[in-house]
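First comes the structure, then the notes that go with it.
Protein chains get the first letters and strands the later ones, always in sequence-line order, with residue 1 at the start of each. Keep in mind it's a predicted model, so treat the numbers as computed, not measured.
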Amino acid sequence: MTTITRIAAPSACICSVDAVTDPQTPPVTPPVAPPAAAPSASRLLDPFAVDPALGEWRRVSSRYLWVDLLGGLFGTVVFTAISSIPFWLSGVVWLLVIPAVVLVTGLIIAAFVPRRVRAIGYQLRADDFLVRRGIMFQRFAAVPYGRMQLVDINRGPLDRALGLAELKLVTAASASNVAVPGLPMADAEALRDRLVELAESRRAGL
Amino acid sequence: MTDRAGARRFVREAENLADGEWHRLHPATPLLRGGFAFVAIVGFVIANLRERILDFFVGGRPAYAGGGDPLDLIVERGLIPLALLAVLVILLIVIAIFWLSWRVHSFRITDELVEVRSGILFRTNRRGRLDRIQGINVGRPLFARLFGAARLDINVAGHDANVQLAYLSGRNADALRHVILKLASGTRDAESRARDAGATAPEHDGSLGGIVSQRAREFLAPEYSAVHRDAELAPTSVVAMHTGRLLGATVLHDRTVIFVLLVITGIVLASLAHAFFVLFGVVPLLFGVGSQIVRRFSRSLRYTIAATPDGVRVGYGLLSTSNETLPPGRIHSIEIQQPLLWRPAGWWEVRINLAAHSDRQEGGRRTSTILPVGSRAEVFAVLELVFPEIVDAGVRAHLEAGLSRATPGDGFTTSPRRAVVLRWFSWRRNGFTLEPAAVLLRRGAIWRSLVLVPTARMQSVSLHQGPLLRMLRLADVHVHTVTGPIRATLGALDAADATRFFREVAASGVVAAAVDRSHRWAAHPATPTSRPLSGGAA
């Protein structure tokens, strides 16, 4: 299920302005946070890690852990089954090494899921939207509100079962690729409306 | 015969085309669009009937007999009148379809948008917003050029989102481009002086000789039609393309060198292995690459770039020409690069990213190369043309440094020494500098390149760090611009520098976007209505 909100459509931003006053949406922080702000957890764990924005990150729902975990385990099972086909066909025992490696890799990845979910964060700053993903492979992205062309809300079957949604921002650059998974549905809609409203107020050319 | 009056007449005519009502295209449009197909079919039929026609006129006996050829049956049974009637009916139907498709193909241009509707069975309707125009291209494929017709491609932001007016008479196309850009720029009221009563002298006297000489003039110098002789619009190319240099540049380009090396390796390997049949598989590929190199060369022979009040005009093409106007602020990033063998000659190639992409592969295809080959001075002339508000003295110094060997204190923040494991040769050059209005990324020691992204055009910025980079205390930064040949990324920077880059670029992008008015580039009093014409800088 995908809900797309085109920012260019003027009606899109007026549809539910009430949701903007949702307590989930805190007052936006100034664009440059004071340097005295507390460094985030990953900063303390790893002095070499980068953390360009010293503001407070908002986390996604902890229920998203199950989406990521079940999705990952499902993939692991499927790939293990596929990679064991050579063994079933030939009967050569050492070919079992392939599915074993796939299974172990999948389980290791799954073991990091809780940390990875905790590492997903976003910030609504005064003029741009900030997203971070990943622990091993960290990615920070800043999207100015005026650059957003669309805001998508995507919900997979697992998301729907847990009442979650993924928010995706589309700019004129395909490389931007900014998505926040694991938001409770009400939060996602409020955030979308807030983002659309901010984008409208800071509308810029391409 | 006054060219100025003629030009004014065409501008007025084009303004009539842009009055918001529906208008039709050039009557020869279906023929020009289906031109080659039509000629090919007729040629095919004639080639097949050649002997028959010869027999008919010469009156000899049939060279071949029987064998179930329908034509023989027709001749033998005396059905010639019926067959001729059938041909006539088919011709009439084709003409009727052509006429109908011309009737239903119409366009209109209002203050806000340009709209085209077409199609008999499957109706299509396409509209583009004028403030989203990324460029207007006047394309003249060879076949249309012979008839003095031109195609107007209005590129609107988006993938394959161009609105095409094909075909218009050549002069109308030039004048209409001017009018559309004027509408898009938001200066309609200020510039309505074109409506004043002027002498409406015809541009040719109507005689056959007049028409022929006008066609010949347009064919020889298509960028130089009457409209552009209007003093306001007279563009002077800032770069003169010398054939010798272009030839040298084409031969020494990486593409050509790799192509030749591949051909030689293929021949050597095939002859060593006595397996010449292998070559047959590669031949189509070689033909493809080779013809592309030749096409690039011939396209660039008549290259021009000039400033007009509505933006930069880039002209290409020898037989089929294209002539694209890019309004200010439509260039999302620019890359100056140097193929390895060009360095002794000091030549550079300049490419751009634009928000509009056209999938069409025809003669008037838009290009991402804005300068096929040029000296350093010409590169700067082009940069000053496309980014007049960015390239000042300070930026110029940094651009100079960006094209040169890295020296300490040249203004670039470069990778630290420990990045040598990732950037073996280029770690000294690999760096960035942040200007108020642009980000400069310098890369490569062997293949030098410099990317400039105006902060007002930047879409977003990101910072990446994987395990290996973290061990080395390095990070990658990406500046996201619209899709194109240029990727504005910089790897293996010091983590602290990368963090600073991310923060400052994110902040300056917001500031630049807030003051940017280029979607209606002339409407805002802060931006100058007409950009200075820089003439003869080359």
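Counted within 6.0 Å of CZ on A:Arg63, heavy atoms from surrounding residues, nucleotides or ligands total more than 12; the atom is thus considered enclosed. Atom CZ of A:Phe79 has 12 or fewer neighbouring heavy atoms from other residues, nucleotides or ligands inside a 6.0 Å radius.
Minimum heavy-atom separation, A:Asp128 to B:Ala506: OD2-CB, 3.7 Å. The nearest pair of heavy atoms linking A:Pro144 to B:Val510 is CB-CG2, 3.9 Å. The two residues B:His480 and A:Ser176 make their nearest non-hydrogen contact at ND1-CA, 3.4 Å.
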Audit row: A:Leu130, B:Phe502, side-chain contact (heavy atoms from CB on, under 4.5 Å) steps and yes/no | CA-CA 11 Å; A:Leu130 217 59; B:Phe502 179 84; 3.9 Å; yes
Show the numbers, then the answer: is there a side-chain contact (heavy atoms from CB on, under 4.5 Å) between B:Arg470 and A:Gln138?
-> CA-CA 10 Å; B:Arg470 182 149 346 143; A:Gln138 283 195 316; 3.7 Å; yes
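Only the side chain of B:Arg132 comes within less than 4.5 Å of a heavy atom of chain A; its backbone N, CA, C and O stay farther away. For B:Ala514, no part sits under 4.5 Å from any heavy atom of chain A, backbone or side chain. Residue contact with chain B, scored on non-hydrogen atoms closer than 4.5 Å, involves the backbone and the side chain of A:Arg139 alike. Neither the backbone nor the side chain of B:His478 has a heavy atom closer than 4.5 Å to any heavy atom of chain A.
Residues B:Thr483 and A:Ser174 have side chains that bring a donor and an acceptor to within less than 3.5 angstrom of each other.
With chain A as partner, the option from B:Ala513, B:Gly329, B:Ser460 having the largest number of non-hydrogen pairs under 4.5 angstrom is B:Ser460.
Residues A:Phe137 and B:Pro467 have side chains in contact (heavy-atom distance under 4.5 Å, counting atoms from C-beta outward).
A donor-acceptor pair under 3.5 Å links the side-chain atoms of A:Arg147 to the main chain of B:Met458, judged by distance alone.
Considering CD of B:Gln459 and CE of A:Met148, their distance stands at 11.5 Å, rounded to 0.5 Å.
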